[in-house]
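Contents: one structure, followed by commentary.
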Amino acid sequence: MLLLAAFLATGPIRLSWPTDLPSPKVHVRSFAVGSFGGAGSDDVADGEDGGMELPSKSVASVPTEVKFIVYVAGCEFATFNVRPVPGEQVEKSFACRPLGTIAFQGTVSGIARPEELTV
């Protein structure tokens with residue numbers, strides 16, 4: 001688990017997700033602002049962990065606001081905006097909203113087919 005030491009005064013921000021996500025990796029980009037200015041973090045967590053605490057990078061003082069974006073391959077992006085309250089833990093849940101598929105027809109020549117492309 002990742003934890004920001006400065007958040008101990010306000011309580012950590014806990015992000016949770018189901019362990020059966022379509023991808024093994026959860027990408028979380030967070031940005032905290034406060035009297036220190038701003039500090040960002042870019043983390044990749046194991047989807048089977050079921051969650052993490054944010055943000056993972058230390059800042060000089062307690063943030064007044066934390067914004068984060070969650071991405072899992074095959075799911076829609078999710079955004080969160082949190083204003084930490086002293087002494088309270090904040091909990092947010094990410095639920096995968098599967099992306100749709102788009103059908104197209106055509107020919108691609110001159111390049112190798114990437115492994116990620118399914119036909």
Go through it in stages, so that I can follow the logic: the residues are Arg14 and Val90, the test is side chain to side chain contact (heavy atoms under 4.5 Å, CB included), and I'd like the CA-CA distance, side-chain angles, deciding distance and then a yes or no.
CA-CA 6 Å; Arg14 172 96 180 133; Val90 176; over 6 Å; no

Phe80: ring-ring contact (aromatic ring centres under 6.0 Å, His included) partners, not counting sequence neighbours:
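So Phe80 forms a ring-ring contact (aromatic ring centres under 6.0 Å, His included) with Phe68.
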
Val66 and Ala32 have their tightest heavy-atom pair at CG2-CB, 4.0 Å

Please give me the minimum heavy-atom distance between Ala73 and Pro22, naming the atom from each residue.
O-CG, 3.7 Å

Would Asn81 and Glu65 satisfy side chain to side chain contact (heavy atoms under 4.5 Å, CB included), going step by step from the backbone distance to the final call?
CA-CA 7 Å; Asn81 189 14; Glu65 184 175 23; 2.8 Å; yes

N/O donor-acceptor pair under 3.5 Å between Thr64 side chain and Arg83 backbone
no

Report, as yes or no, whether the 6.0 Å neighbourhood of atom CD on Glu48 holds more than 12 heavy atoms from other residues, nucleotides or ligands.
no

Can you name the side chain to side chain contact (heavy atoms under 4.5 Å, CB included) partners of Pro18, sequence neighbours left out?
Asp20, Leu21

State the CG-NZ distance between Asp46 and Lys25, to the nearest 0.5 angstrom.
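Reported value, rounded in 0.5 Å steps: 5.0 Å.
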
Please round to the nearest 0.5 Å and tell me the distance separating atom CD1 of Ile13 and atom CD of Gln89.
9.5 Å

Among Ile69, Val44, Asp42, Val72, side chain to side chain contact (heavy atoms under 4.5 Å, CB included) partner for His27
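That would be Val44; it is the only one of Ile69, Val44, Asp42, Val72 passing the side chain to side chain contact (heavy atoms under 4.5 Å, CB included) with His27.
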
Using the side chain to side chain contact (heavy atoms under 4.5 Å, CB included) rule, pick out the option among Phe94, Tyr71, Trp17 that qualifies with Val26.
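With Val26 as partner, side chain to side chain contact (heavy atoms under 4.5 Å, CB included) holds for just one option, Trp17.
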
Any pair with a residue in residues 92-105 that passes side chain to side chain donor-acceptor pair (under 3.5 Å), sequence neighbours left out, goes on the list, sorted by first then second residue, please.
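As it turns out, the side chain to side chain donor-acceptor pair (under 3.5 Å) pairs with a partner in residues 92-105, which skip direct neighbours, are Ser16-Ser93.
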
